[in-house]
2 protein chains.
Amino acid sequence: MAIDLYKKEDHLLLAVDCIIFGFDGSRLKALLVKRNLEPGLGKWSLMGGFVKKTESVKEAATRVLNLLTGLTDVYMEELGCFGNVNRDPGGRVVSIAFFALIKINDYSESLMKEHNSKWFELDHLPALIFDHGEMISQAKEKLKDKVSTHPAGFTLLPRKFTLQQLQGLYEAIYEKEMDKRNFTRRILELGILKKLEEKEKESSRKGAFLFVFEKTRYEKLSKKGFRII
Amino acid sequence: MAIDLYKKEDHLLLAVDCIIFGFDGSRLKALLVKRNLEPGLGKWSLMGGFVKKTESVKEAATRVLNLLTGLTDVYMEELGCFGNVNRDPGGRVVSIAFFALIKINDYSESLMKEHNSKWFELDHLPALIFDHGEMISQAKEKLKDKVSTHPAGFTLLPRKFTLQQLQGLYEAIYEKEMDKRNFTRRILELGILKKLEEKEKESSRKGAFLFVFEKTRYEKLSKKGFRII
DNA sequence: GCAAAAGTGTTTTGTCTACACCCATGA
DNA sequence: TCATGGGTGTAGACAAAACACTTTTGC
């Protein structure tokens, strides 16, 4: 962009920070990194970066997430703007927070070593720099909201999953136990899952049927929406 | 803020734009201004301004809203970030959009002349600069969401209002008619309105009782939340 | 006395919740 | 054969939706 009709206005730094959620089968986790620059060098933080002039804010978030995880096509949504004057002691930085949902196994051990990153259970987070703790706590709330009416949660599970895995995910997000029969009925009635022939045999002798989320079925119904919880 | 550890990073312009909603008794409206600078001079736009280094983003939005309306203590909420590279032909400007709910009569004729501003019905908006049309349409959706579970809508009505005015507001926001008896029952059962002795006699011979929203009653109930629609 | 809006209950329908036993299998 | 998780149905409670007539009063 060559022209700048607004030269005399304050120019400031704009950052993106990514709350990356994962699900290990029983608990919801967030991926944090050891910060590699001052201020806060060596402390735990969200993965973040500055928005460049040549990219959109969303593109910046995607780039930052890809840098850490190597992943593309990740479910990501804007959480909001964190714009207090002194939130970052290193300068006047406004941050746009995003939350992303990834399959925990898509993120390899080697990447964790490479980036000094680590999964943390949401109720055992370490001290975080700046307002990153607040970001995570807002993201948790927004996630609850989201998955109650949108099929976003599936992106935290493997492509093929059992109903009990899905229920475990919802229980982790809502931090409460649910009734197996009611949950099963509700989710199947939506008609957005396809039951496979295949069974998952790791966690029981009998084996549990695997399902996949069918996006096309969801799209037929999404106009009127749904409510899981 | 003296220090800037991030000097080498791109610095850019950050703006705020305010979607200001009002309700005239039967229709939801948005307050727009004729833009007084290039690019887009003379075109209709949302009220906006640049974020200064010395203020938070929220403070900037409050300042901008106050500049146009003279009002303080206005209900305002963040809508989201609009960060495409070429959204503003005048430069690389990222905008944080906010939506505000005001009482339409708090905004005087004289201010409208002073600022070249005007109320527009939401389904008869003029052409708007940049992505402001998209901002309004997202704000409309978010407003629906908000008033279904929070008592935000009251800030669009006079302090004293009739149940039919309140219902009219919800009908305008949801763009659908509702049943008077069901609406009345639901809203009264929440216990967040106080019925006054006083009647409003403008719109009928019989006169309709006036109510006020009781914040303290709402706060007692807000933990478990409520659902109007 | 009539036009115009205010105010008020009941029935039906659908949705949500609580709850317990048999099944299939591998060890 | 038994231990383990998988899979399934029903009854009762509650909430939401549909629906129409009487009241008040200024003209």
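Every chain is numbered from 1, with letters handed out A, B, ... down the list of sequences.
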Take the protein atom [atom1] of [X] and the nucleotide atom [atom2] of [N], then report the distance between them rounded to whole Å.
| X | N | atom1 | atom2 | answer |
| --- | --- | --- | --- | --- |
| L210(B) | dA6(C) | CG | P | 12 Å |
| E189(A) | dG14(C) | CD | P | 14 Å |
| L163(B) | dG7(C) | CG | P | 7 Å |
| I229(A) | dT17(C) | CD1 | C1' | 13 Å |
| K206(B) | dT24(D) | NZ | C1' | 5 Å |
| R227(B) | dT15(C) | CZ | C1' | 14 Å |
| I228(B) | dA16(D) | CD1 | P | 12 Å |
| L188(B) | dT8(C) | CG | P | 8 Å |

Once you apply a heavy-atom cut-off of 4.0 Å, does [X] come out as touching a base, just sugar-phosphate, or nothing?
| X | value |
| --- | --- |
| T162(B) | nothing |
| R186(A) | sugar-phosphate |
| T184(A) | nothing |

Nucleotide of [options] approaching [X] most closely (side-chain heavy atoms):
| X | options | answer |
| --- | --- | --- |
| R181(B) | dA18(C), dC27(D), dC19(D) | dC19(D) |
| R205(B) | dG26(D), dG7(C), dT17(C) | dG26(D) |
| N182(B) | dT23(D), dG9(C), dG6(D) | dG9(C) |
| K195(B) | dA3(D), dT10(D), dT8(C) | dT8(C) |
| K201(A) | dT25(C), dA6(C), dG6(D) | dT25(C) |
| D179(A) | dA18(D), dT8(C), dC19(C) | dC19(C) |

*Pick one: which of K142(A), E134(A), K140(A) meets side chain to side chain donor-acceptor pair (under 3.5 Å) with Q138(A)?*
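When K142(A), E134(A), K140(A) are each tested with Q138(A), the side chain to side chain donor-acceptor pair (under 3.5 Å) holds only for E134(A).
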_For K199(B) and R185(A), find the nucleotide of DNA chain D closest to each by heavy atoms; which residue's nucleotide sits nearer the 5' end?_
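In this pair, the answer is R185(A).
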*asked:* Tell me if the side-chain of K180(B) makes a donor-acceptor pair with the base of dG7(C), cut-off 3.5 Å, by modelled atom types.
replied: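 A donor-acceptor contact between them is present.
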*Compute both the distance and the angle, then confirm whether K195(B) meets the cation-pi test with F209(B): under 6.0 Å from the six-membered ring centre, within 45 degrees of the axis.*
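Here K195(B) passes the 6.0 Å and 45° test against F209(B).
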*asked:* Tell me whether the rings of F130(B) and H132(B) are parallel (<30°), tilted (30 to 60°) or perpendicular (>60°).
replied: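 Rings of F130(B) and H132(B): perpendicular, as their planes differ by over 60°.
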*asked:* Could you tell me if the side chain of V57(A) sits less than 4.5 Å from the side chain of L14(A), heavy atoms only?
replied: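 Sidechains of V57(A) and L14(A): in contact.
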*Check whether any side-chain heavy atom of L31(A) lies under 4.5 Å from a side-chain heavy atom of L46(A), and answer yes or no.*
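Side-chain contact under 4.5 Å: no.
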